[in-house]
Amino acid sequence: PMVIGDSCKSCDCNGNSDPNHIFNECHNVTGFCQNCWGDTAGANCERCAPGFYGDAISAKNCRGACQEYCFNNCQGCHSCDCGPAGLRPTCHPLTHSCQCKPGAGGRYCERCLPDHWNYGPSGCQSKYCVCLILRTTQTSCDECIWHLIGDLRPSNKTLDQIKVSVLNISTGAAANDRLKYYNYTAQRLKVHLGMGSLSIKGLQEKTEVLPLADRDLVLRAQDHAEDLQSQADELEYNLKRSDANGFVQKALDTANVYNNIVQYIEEANITGLTTMDLARDGINTQLGFLKTQSENVFKESVSFDISFCSEFHSDLPGRTTKRLELTKEVAEGTLNRSVEVLQTITPIHGKVEEWATNMKNQDYSAAAFDRAVVSAGEAVENLSELVPELLDKLRVVEEKNPVNNVTTNIMRIRELIAQARSVAKKVQVSMKFNGQSSVQVHPHTNLEDLKTVTTISLLIRVDPDKDPIEDRFIFYLGDRNGRKDYMGLAIKNDNLVYIYNLGEEDVEIPLGSKPVSQWPPVFNLIKVERLGRHGKVFLTVPSQASTDEQKFIQKGEAFGTDSLFDLDPEDTVFFVGGVPADVRLPPALSLAPFVGCIELASLNNDVISMYNFKQTHKMDVVASTPCPRYKLAFSQSRIASYLFDGTGYALINNMERRGKFGIVTRFDIAVRTVANNGILLLMVNGDNFFLLELKNGFLRLMYDFGFSGGPIVMESNSPKLQINDARYHEVSVIYHYSKKFILLVDKSHVKSMENEKKTLPFSDIYIGGAPSHILLSRGITLKGCVKGFQFQKKDFNLLEEPGTIGISSGCPEEYFMSRKAYFTGESYLGSAAKISPFDTFEGGLNFRTLQPTGLLFYHREGSDEFTITLENGAVVLNSRGTRVKSQKKQYNDGITHFLVASVNNDKYELVVDDKDKHEKKRPTTAPSASTVRNFYFGGSPSSSSIKNFTGCISYAYISRQDRDIEPEDFQKYTENVQTSLQDCPVKRPSAALFSKQSKNSAKPKKDKSNLPKGLLGLNSDDQEPGETEETPCYLSPRPRATRHAHHYGGTANSRQEFTDIPGSHLSLSLKTQSSFGLIFYASDEAEDNFMALFLAHGKLVYTFNLGQQRVKIKSLEKYNDGAWHNVIFIRDGNLGRLVIDGLTVLEDRAQGSNVSWHVSSHLYLGGVPPGRAQKNIQRNSAYSFTGCVKNLQLNGQWLSSVSQTFGVTPCFEGLSEPGTYFSEEGGYVVLDDTFNLGLKFELVVEVRPRVASGVLLHVYTAAEEYLTIYIRQGAVVVLVNNGVREFFTQVTPRLGLCDGSWHRITVIRDANVVQLDVDSEVNHVVGPLNPSTQSARTPVFIGGAPESLLPEGITTRRAYTGCMRKLTVNESQVSFSKAALVSGAVSVGSCPAA
């Protein structure tokens, strides 16, 4: 940088620089590219070199030489001349199209329009002609052409139907598949049931007869299918070759998706038929034989193909018959639905040959390609009517518990339907409206998301020279009958007008600064926005002569206090261009239908297309061809980029078609995102894989090409690897000499990793995600933008790749704004602006929480406070002590609520959900000066009487004096303390949590049969006993954790133990902030021979002995920085070696000969049992370290056979808080003997469960005397047996225990009286006296207990999952770190906060 405060910028050579120059691509001062190649030139290699023509940026095909006034297409350069019927001799320099004289058409005015003839310099005449070829009179000339090219006009001949007909042309082909499946199934059943003497000849005979009978039919069908397939391939090739605008490719992509749907429905068909036939004809004949076989053989064999997962007892024939009937019913249900869908989209394939022939001979008009554009929409329309019904039927079939292979096919069908919808939503092609047509688009999937904020972007093209500007309707979103809330767009009095109504009066916002009659005849970008009562309309007009563009904006505001856009899902419609006669528009939008072209862009930042329509009306794409759009007309889209919205991915098949794997193989991708996690690149081939992903905001590389040591992971918390900052980052992965990966970020070397020499075993690569069956658990799809992808410095257009699903072009800036935030109760967001909340103020926000109290907004000036809070479930506005409080007090119900707080000269006003309205008169005060002041959302850095908020805040806004009202972008806030700007995990609890339950009377019971159903494990009359969790907790039972990593520490002897593992070459990855502690220890029984790795003053120390000599290697640097470090420690005879992060290598050796070393005792990781390692390790390092370890390998093999675990949990990510965490894997703590729970005690503890049931405490004195405290589905139960009988008490708090909050439990016992207090809700029980009972000192188990010690009467035997803190017994604090035993997955001292 040459200026103070400036920064370095990345080179931009458009992928046209020499790939051999990795580090000097451009000049380090000017930024000009220095090594343009491929016949390119320019500061950014952005144009073809002098004497060459072509597209240097996208197509990269510079060659030859062009004359003036030329443009480039697939065949090279041609003069851009208009035909004789053109108004001007040359085409438009931007659109490359011509304006035509009356009756003429085509891109260059080279032909007549439909129903016109006699082409000449004056245009064409409108007249009927004689079609001599067909020997008919009074026939439209164009009709002759249509007949000649194969009658392409019938609406049901769409591309997807043609392709489906080719692939599913004959029932013979399906029958052949079925026969193969029968034979396969018969053979498998024979193997499993046969065992030598077993025979299923009857079943084999039945499956062998059909192939003989239908062999000729099958052969003929196969020949016919192959012939049609070749014709279809030729057809597709010709279409793609002439696909100038990418329209046909999009239609074919959609067709491919639907073809897959049909294919998988056929598979479900075959499965259903096979299951039905086998069940009826095969297994019933074997019942007599099966009855004599053992239960296990039957279960293993029959379930192999029929998936009967149940036990068979003495009533085998009856139960088997019922199962067969169920199978038959399921199969028939699947079959009927599949047949119905197939019949609906069954094609008429008779015209395929004509179509292919005519396309090949070039006997076609442009209308043939125009039809390809609409085929995608027609395909969606055809299936859209069936998709909801199909999903309903599939749901019914699923509920019948079908066989596994049918269930699998149903899941695949669901996935493909979702893919098809995603493709339809992203077809970025316009529709042309003729003044009579209209399109009904699928509205937003979740109308609740539109309540607070509604934003719609679209592109509109009008031609004032051809069509005079009149009052016209553009779109309408609202009630079918024009009542209730709605919004729309129209042209009125030559102005673009945005109209919306929130329940009172219409708001009309005319954009008078740019009359529609002055718009150029190109696509103009329009955006309408509503935030609460406030609305805006934006217009962007591209320049015709330069890259400049004009921008216009107008704002408005609704009357009254209503702020929410309430839509009824049953009656909501979204119409574009016009409406059919049965839809009633509100008066403000009752205008003539639109004339011109419209392309939808987004709805609340989700990509949306008119090709995702429900239905069209009088829309003829043949007669009204879509307007071509110059995709780079607007500044926001001039950089070619792709939007990944978390649902799609790109797939490049056979990437070596553009470049070959070589000595140096390189992948480049430019990414912009704010997401924490997402896949960038993925290659899979069997068990081999390569994965470059974003993990917690940092780049992470993992790969395995069949290495002997398992997968290799390259990761670090280095700031250079963090790329989720909403800026573009260029990421390069270089595979060097088939043995080393180099990772570059923004052209700087960041990290490298060596491996065994192996070539890359891949041909395809996924970008941004992958199908679910490929993805498995490898990661999640990307949310963000990709500016480009290169393999061997060769660019790929991801939208043109046939395997790409659900991505779109462009990268809207709004996609990187953070409008939502999640607060943990200890977090807040802070910023500064010119605000005057005590004088004039309006602020609004969405909030969602399960906590009754929390600080939503905070501002302070001296001793004066302005706050918006939640207090005991009610919303409160507080300004200098004046409080305005909502009437409702249950806003902590897990549902999204919207509040608006305002201050003016007269009053304070608070409105929640448009209905709960309250105000107070404002006293007169002097206005304060306009200055920049701090404000906070979700809490505050200073102490406040209200605790910080726990939950989600979204679409917040405040009235600033230096800008218009708009949603706050939390990404730009200067203070972010422990706040997540990603997802909002607060979910609405089930209704059971909010049902008012009367406190249980807890009188003593004489026997267990009289206990409440909940205590017997029965929750309802129709439910089986068991451990099924009906109410999931707000917090996940599996907090986010690093894969295959474990956390140690909290107690002095936290550890994992491994047995009988030889070897002395070990490696692991380590993350810690401890200064001291034992990481690894192995020795013989007497500890005369040992090997250890430990921390001392933050440095790593590796030591072992050789007889009386010791080898001790100590690192020079400290590694307790909280980052992951790779450590290898080796003992090779008398030589020791310590390797850290592949860079630091330290060695030492003992005197004497090489002596082999063997361990016959345990190997310990993380710590050792009490008393061990004291003689060999310095005292302050002989105890457990606190930190995480992963990827432990011994002699190159992964270590996974843990024999025992003590105080070890997964390595959780994210924020932590004080407490003791009991992980889902199970574990317990045994208190030291200073604590006694005898006949009289008081116990207090705070818990935050993650699973609704579990044992909190168990203590026993004898076989029939015990006390157990446990939770069961939202209730706390104390179960006591004093030797006379069992008695209990329980409390079910109103909001349950699973809401993510801390709950205080107090248990007081005085002999036979037990009192239970949960969050101040109290219950008690008086049991029988037992005079002989003695108070004895017995073990106290916390969080669980060994199975054999738990009483039979307890209804849950699972260990507690969740956090626990502040345990006191008789007012004495319990320290788990001093416990007698910590067994299993228990983390002492630290809990995951979310």
Side-chain angles (χ1 to χ4, degrees), residues 87 92-95 97 99 430-438 455-477 486-501 505-530 534-558 575-579 585-601 624 626-630 633-637 964:
L87 287 173
H92 192 283
L94 185 64
T95 64
S97 60
Q99 289 185 308
S430 68
M431 285 189 179
K432 188 170 185 178
F433 296 85
N434 57 13
Q436 297 180 336
S437 51
S438 66
T455 304
I456 298 177
S457 297
L458 66 160
L459 296 119
I460 296 179
R461 173 173 174 168
V462 294
D463 194 341
D465 296 333
K466 288 186 177 180
D467 301 302
I469 300 302
E470 301 174 354
D471 289 1
R472 299 281 186 184
F473 166 89
I474 298 178
F475 78 75
Y476 169 78
L477 174 61
Y486 68 86
M487 64 184 296
L489 191 66
I491 299 173
K492 290 186 174 186
N493 300 320
D494 201 21
N495 290 328
L496 185 70
V497 182
Y498 172 35
I499 305 166
Y500 62 94
N501 188 306
E505 299 181 21
D506 285 346
V507 182
E508 292 199 11
I509 308 177
L511 190 67
S513 53
K514 185 69 173 178
V516 180
S517 59
Q518 297 179 16
W519 293 9
V522 295
F523 276 101
N524 301 274
L525 178 63
I526 290 99
K527 176 183 174 183
V528 294
E529 177 184 280
R530 183 201 58 82
H534 306 274
K536 289 182 185 178
V537 57
F538 303 83
L539 170 66
T540 304
V541 178
S543 172
Q544 301 299 291
S546 68
T547 58
D548 296 332
E549 54 193 21
Q550 297 176 295
K551 295 188 177 183
F552 306 90
I553 182 174
Q554 191 65 42
K555 59 184 178 180
E557 185 177 330
F575 280 100
V576 180
V579 296
L585 288 173
L589 289 168
S590 295
L591 304 169
F594 182 72
V595 176
C597 286
I598 299 176
E599 179 182 332
L600 291 179
S624 302
C627 304
R629 176 165 71 86
Y630 181 51
F634 299 98
S635 59
Q636 68 177 28
S637 60
D964 293 336

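Predicted model, so just to flag it, every value in this text is computed and none were measured.
Here the shortest heavy-atom pairing between I491 and E470 reads CG2-O, 3.6 Å. Contact between P510 and Q554 at its shortest, heavy atoms only, is O-CG, 3.3 Å. Pairing each heavy atom of V462 with each of V595, the nearest pair is CG1-O, 4.1 Å. Y486 and A588 make their closest contact through OH-CB, 4.2 Å (heavy atoms, listed as atom of the first residue, atom of the second, distance). The two atoms that bring G556 and Y500 nearest to each other are O-OH, 3.8 Å, heavy atoms only. Of all heavy-atom pairs spanning Y498 and G488, the tightest one is CD1-O, 3.5 Å.
Rounding to the nearest 0.5 angstrom, the gap separating the CD1 atom in I509 from the CG atom in N495 is 13.0 Å. D964 contributes atom CG, which lies 6.0 Å from atom CD1 of I553 (distance to the nearest 0.5 angstrom). A distance of 8.5 Å separates CD in E549 from CG in L525, rounded to the nearest 0.5 Å. For the atom pair CG of L591 and OH of Y476, the computed distance is 13.5 Å after rounding to the nearest 0.5 Å. To the nearest 0.5 angstrom, K492 atom NZ is 6.5 Å from L589 atom CG. I460 contributes atom CD1, which lies 4.0 Å from atom CD1 of I526 (distance to the nearest 0.5 angstrom).
In this structure, W519 and I469 have side chains that are not in contact, with every pair of non-hydrogen atoms separated by 4.5 Å or more. Considering only heavy atoms from C-beta on, F475 stays 4.5 Å or farther from I598 through its side chain. Between L458 and I474 the shortest side-chain heavy-atom distance falls below 4.5 Å. Side-chain contact between P520 and V541 is present, with heavy atoms from C-beta onward closer than 4.5 Å. Counting heavy atoms from C-beta outward, F473 and S438 have side chains that stay 4.5 Å or more apart. Side-chain contact between F538 and K551: absent, with no pair of heavy atoms (C-beta onward) separated by less than 4.5 Å. Using a 4.5 Å heavy-atom cutoff, the side chains of F552 and L496 are not in contact.
Atom NZ of K555 sits in a sparse spot, with 12 or fewer heavy atoms from other residues, nucleotides or ligands closer than 6.0 Å.
Residues satisfying the salt bridge (Lys or Arg N to Asp or Glu O under 4.0 Å) test with K527, not counting sequence neighbours, are E529, E814.
For the pair D494 (side chain) and P515 (backbone), a donor-acceptor distance under 3.5 Å is absent. Remark: the backbone N or O of N493 is paired with a side-chain donor or acceptor of D471 at under 3.5 angstrom. Checking side-chain atoms of S430 against main-chain N and O of C627 turns up a donor-acceptor pair under 3.5 Å. Side-chain N or O atoms of R461 include one that pairs as donor or acceptor with a backbone N or O of P521 at under 3.5 Å. At least one donor-acceptor pair closer than 3.5 Å links the side chain of N524 to the backbone N or O of V522.
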